[in-house]
Asks: 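Sharing a structure here in structure tokens format.
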Amino acid sequence: MLQVPYLRENLEAALTGLNKRNKDFAETVHHILLVDEKRRKIQNELDGQLAEANQLAKSIGDLFKSGKKEEADELKKRTSELKESTKELEVQLLALEEEQKQLLYLVPNVPHHSVVFGKGADENEIVYSTGDVHANTTNKLPHWELCEKYDLIDFELGVKIAGAGFPVYKGKGARLQRALINYFLDQAQAAGYQEFQPPHLVNEASGYGTGQLPDKEGQMYHVGVDDLYLIPTAEVPLTNLFRDVMLKEEQLPIKLTGYTPCFRREAGSYGKDVRGLNRLHQFDKVEIVQLAHPSKSYEHLEEMVAHVKGLLNQLELPFRILRLCGGDMGFTSALTFDFEVFSAAQERWLEVSSTSNFETFQANRLKCRFKGADGKSQLVHTLNGSALALPRIVAALLENHQDENGIRIPHALVPYCGFERIN
RNA sequence: GGAAAGGUGGGUGAGUGGCUGAAACCAACAGUUUGCUAAACUGUCGUACGGGAAACCGUACCGGGGGUUCGAAUCCCCCCCUUUCCGCCA
């Protein structure tokens, strides 16, 4: 969430930025500042009364010790008065703090200056593209047919075991999954990311830390008996490793990677969006995460974008990079680049990575800070990106690299697969 | 799941009602000494919020919440977590 002092001192800039999201937050922000003003006033008053009570308690103690019981009793009258009024002020203060917090949960991150105003996905800017994607679309089978033809993935079996959206990978299909995971992890490691294997279930505090709670509660599977959530992305456990942590400036940037399955309820999705591998309840993903110095975070974002770009080039897939407009950007993000691969048979773009800088928005909830040279603590910037999400990559690989003799495995992947062709 | 012990600052750990925001040690940082390293010595060394231009001052925080008291890390109640033993088990 946004920091109140930031809003207080940069009100105009914040509102101008928020306007790019095609929604008006002015009222909420002003409300926050109003509550903040009240809050500070009450705290000031409360602190004064508590200070007096502390003084009195000391005096009473001293008087007791020197046997002046009557004088002590006299002072006690005042303390009981104070006790009542401080109690009342405390209730007010807590209510204001809670109100402020609830209001802050409603306000998304302020978009970066490079983000344009836009109503939705149609207005995203294409900042990179590999060229004419429609040149290679004749006689292509959709990946779900290829999966059946070459016995790679059994969607029906998945329905039997769990339900729609839980595919069963078989034979070379399963091997391809494992190859992609290893390939992505190796590439991340080569780029300086330390590999982690985090838990796949997380507690409520972690959900709040990265912003899935309270906004997107319905997207996560919740294990009621133990009050745990299945992770929708490795971002959640990986970023939360640094919840409530005070770092040293020289530790930055911290670069993490991890493979995890991801679980998403995807309630309300239907039609061609959920066909085959397009949208699943469980899928595999390798994530990269960075905790960065605020003055360097946009350089690191560029670096992450370049990393993902490299992966897609190595997989020999047609793709494009979008800079999301304000209306399409996620709640917690300040700047997001989406990567979309072109699916040759479906002839549509499939999102395979979303790489974002959250600036201090997550760090504020996480309380992940570092101490600068001046000895003052400040919030880190958090960034993350998929590198990459598997299912749509698999869909694109199958559809784009198919020919009459089967499916060609890109060179980079052959050592990981142990075969050059699926047929 | 049953039983017991315990949760204090970056770490170890003292602290059973006021002199404790918290001893001591370690780590860290700055300085002195030193041919270099090491050692030794001196000093600094929690976080958040509020007030202030600043120096600084105030308040809160010893797992979380509530209570007793003029006054709580310390006493009482509830909850959470961790560790150990037993049971179960990949």
Side-chain angles (χ1 to χ4, degrees), chain A residues 1-9 32-104 197 199-209 213 222-229 237 240-252 254 261 291 360 362-380:
Chain A
M1 59 184 141
L2 293 172
Q3 300 172 84
V4 177
Y6 162 80
L7 289 174
R8 218 188 285 151
E9 287 153 30
I32 289 169
L33 291 180
L34 200 76
V35 171
D36 184 54
E37 210 171 301
K38 273 198 234 171
R39 195 202 95 236
R40 285 186 290 160
K41 196 168 151 241
I42 298 281
Q43 188 184 333
N44 216 319
E45 205 174 325
L46 175 63
D47 282 357
Q49 293 193 8
L50 287 171
E52 188 184 347
N54 285 341
Q55 276 305 317
L56 285 170
K58 260 187 199 131
S59 308
I60 290 168
D62 291 341
L63 289 171
F64 266 123
K65 269 180 213 157
S66 50
K68 298 173 181 162
K69 190 166 175 308
E70 281 171 23
E71 286 177 46
D73 285 339
E74 195 59 33
L75 291 182
K76 277 197 199 177
K77 287 180 193 160
R78 175 65 183 149
T79 50
S80 59
E81 276 173 37
L82 281 172
K83 203 169 183 180
E84 268 181 48
S85 59
T86 53
K87 205 163 201 174
E88 202 175 300
L89 286 171
E90 259 165 27
V91 170
Q92 286 181 40
L93 186 64
L94 275 174
L96 288 168
E97 282 171 353
E98 181 60 26
E99 187 181 359
Q100 190 172 58
K101 199 173 80 181
Q102 292 305 324
L103 288 166
L104 279 167
Q197 283 199 17
H200 299 167
L201 282 82
V202 295
N203 56 27
E204 196 181 48
S206 298
Y208 275 96
L213 296 174
H222 182 224
V223 183
V225 270
D226 296 300
D227 199 17
L228 292 169
Y229 294 87
N240 271 283
L241 295 173
F242 292 87
R243 173 153 46 85
D244 294 319
V245 167
M246 181 72 79
L247 294 161
K248 290 177 202 143
E249 191 167 15
E250 58 267 27
Q251 285 178 273
L252 300 174
I254 289 173
L291 308 184
T360 60
Q362 285 183 329
N364 191 26
R365 282 200 206 176
L366 286 165
K367 287 215 222 50
C368 178
R369 294 159 298 177
F370 70 96
K371 244 185 198 158
D374 57 358
K376 292 200 169 153
S377 60
Q378 54 178 314
L379 297 168
V380 302

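Chain letters run A, B, ... following the sequence lines, proteins first and then strands; every chain starts at 1. Here the structure is a predicted model, which is why all the values come from computation and not from measurement.
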Asks: If you restrict it to nitrogen or oxygen atoms, what contacts under 3.5 Å exist between nucleotides 59-64 of chain B and the protein, and what is each distance?
Replies:
{"from": "B:U59", "atom 1": "OP1", "to": "A:Asn54", "atom 2": "ND2", "distance (Å)": "3.2"}
{"from": "B:U59", "atom 1": "O2'", "to": "A:Asp47", "atom 2": "OD1", "distance (Å)": "3.0"}

Asks: Could you work out the separation of B:A27 and B:C79 based on their P atoms and round it to a whole Å?
Replies: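 Here B:A27 and B:C79 have their P atoms 42 Å from each other.
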
Asks: Which whole number of Å gives the distance between the P atom of B:C25 and that of B:C41?
Replies: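 Per the computed distance, 11 Å lies between those P atoms.
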
Asks: Taking CD1 from A:Ile42 and P from B:G51, how many angstroms apart are they, rounded to a whole number?
Replies: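 Roughly 13 Å, once rounded to whole Å.
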
Asks: Please measure how far the P atom in B:G58 lies from the corresponding atom in B:A5, and state the result in whole Å.
Replies: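 Pairwise P distance, B:G58 against B:A5, rounds to 41 Å.
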
Asks: Does B:G58 have OP1 or OP2 under 4.0 Å away from a side-chain N or O of A:Arg40?
Replies: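 For B:G58, neither OP1 nor OP2 has a side-chain N or O of A:Arg40 closer than 4.0 Å.
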
Asks: Once you round it to whole Å, what is the distance between C1' of B:G50 and CG of A:Leu96?
Replies: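 About 14 Å, once rounded to whole Å.
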
Asks: Scan nucleotides 44-48 of chain B against the protein and return all N/O pairs shorter than 3.5 Å with their distances rounded to 0.1 Å.
Replies:
{"from": "B:U47", "atom 1": "OP1", "to": "A:Lys371", "atom 2": "NZ", "distance (Å)": "2.3"}
{"from": "B:U47", "atom 1": "O3'", "to": "A:Arg369", "atom 2": "NH1", "distance (Å)": "3.0"}
{"from": "B:A48", "atom 1": "OP1", "to": "A:Arg369", "atom 2": "NH1", "distance (Å)": "3.0"}
{"from": "B:A48", "atom 1": "OP1", "to": "A:Ser377", "atom 2": "OG", "distance (Å)": "2.8"}

Asks: Is it the case that the side chain of A:Glu37 and the backbone of A:Leu34 share a donor-acceptor pair, with hydrogens and angles ignored and the cut-off at 3.5 Å?
Replies: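 No.
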
Asks: Have a look at A:Arg39 and say if it touches a base, only the backbone sugar-phosphate, or nothing, with a 4.0 Å heavy-atom cut-off.
Replies: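 If one applies the 4.0 Å heavy-atom cut-off, A:Arg39 turns out to touch the sugar-phosphate alone, with no base involved.
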
Asks: What integer number of Å spans the P atoms of B:C29 and B:U84?
Replies: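 Each nucleotide's P atom is 33 Å from the other's.
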
Asks: Which value, in whole Å, describes the distance between the C1' atoms of nucleotides B:U8 and B:U74?
Replies: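 It works out to 11 Å between them.
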
Asks: What string of B, S and - do you get for nucleotides 66-83 of chain B, 5' to 3', when a contact is any protein heavy atom under 4.0 Å?
Replies: -S-BBS------------

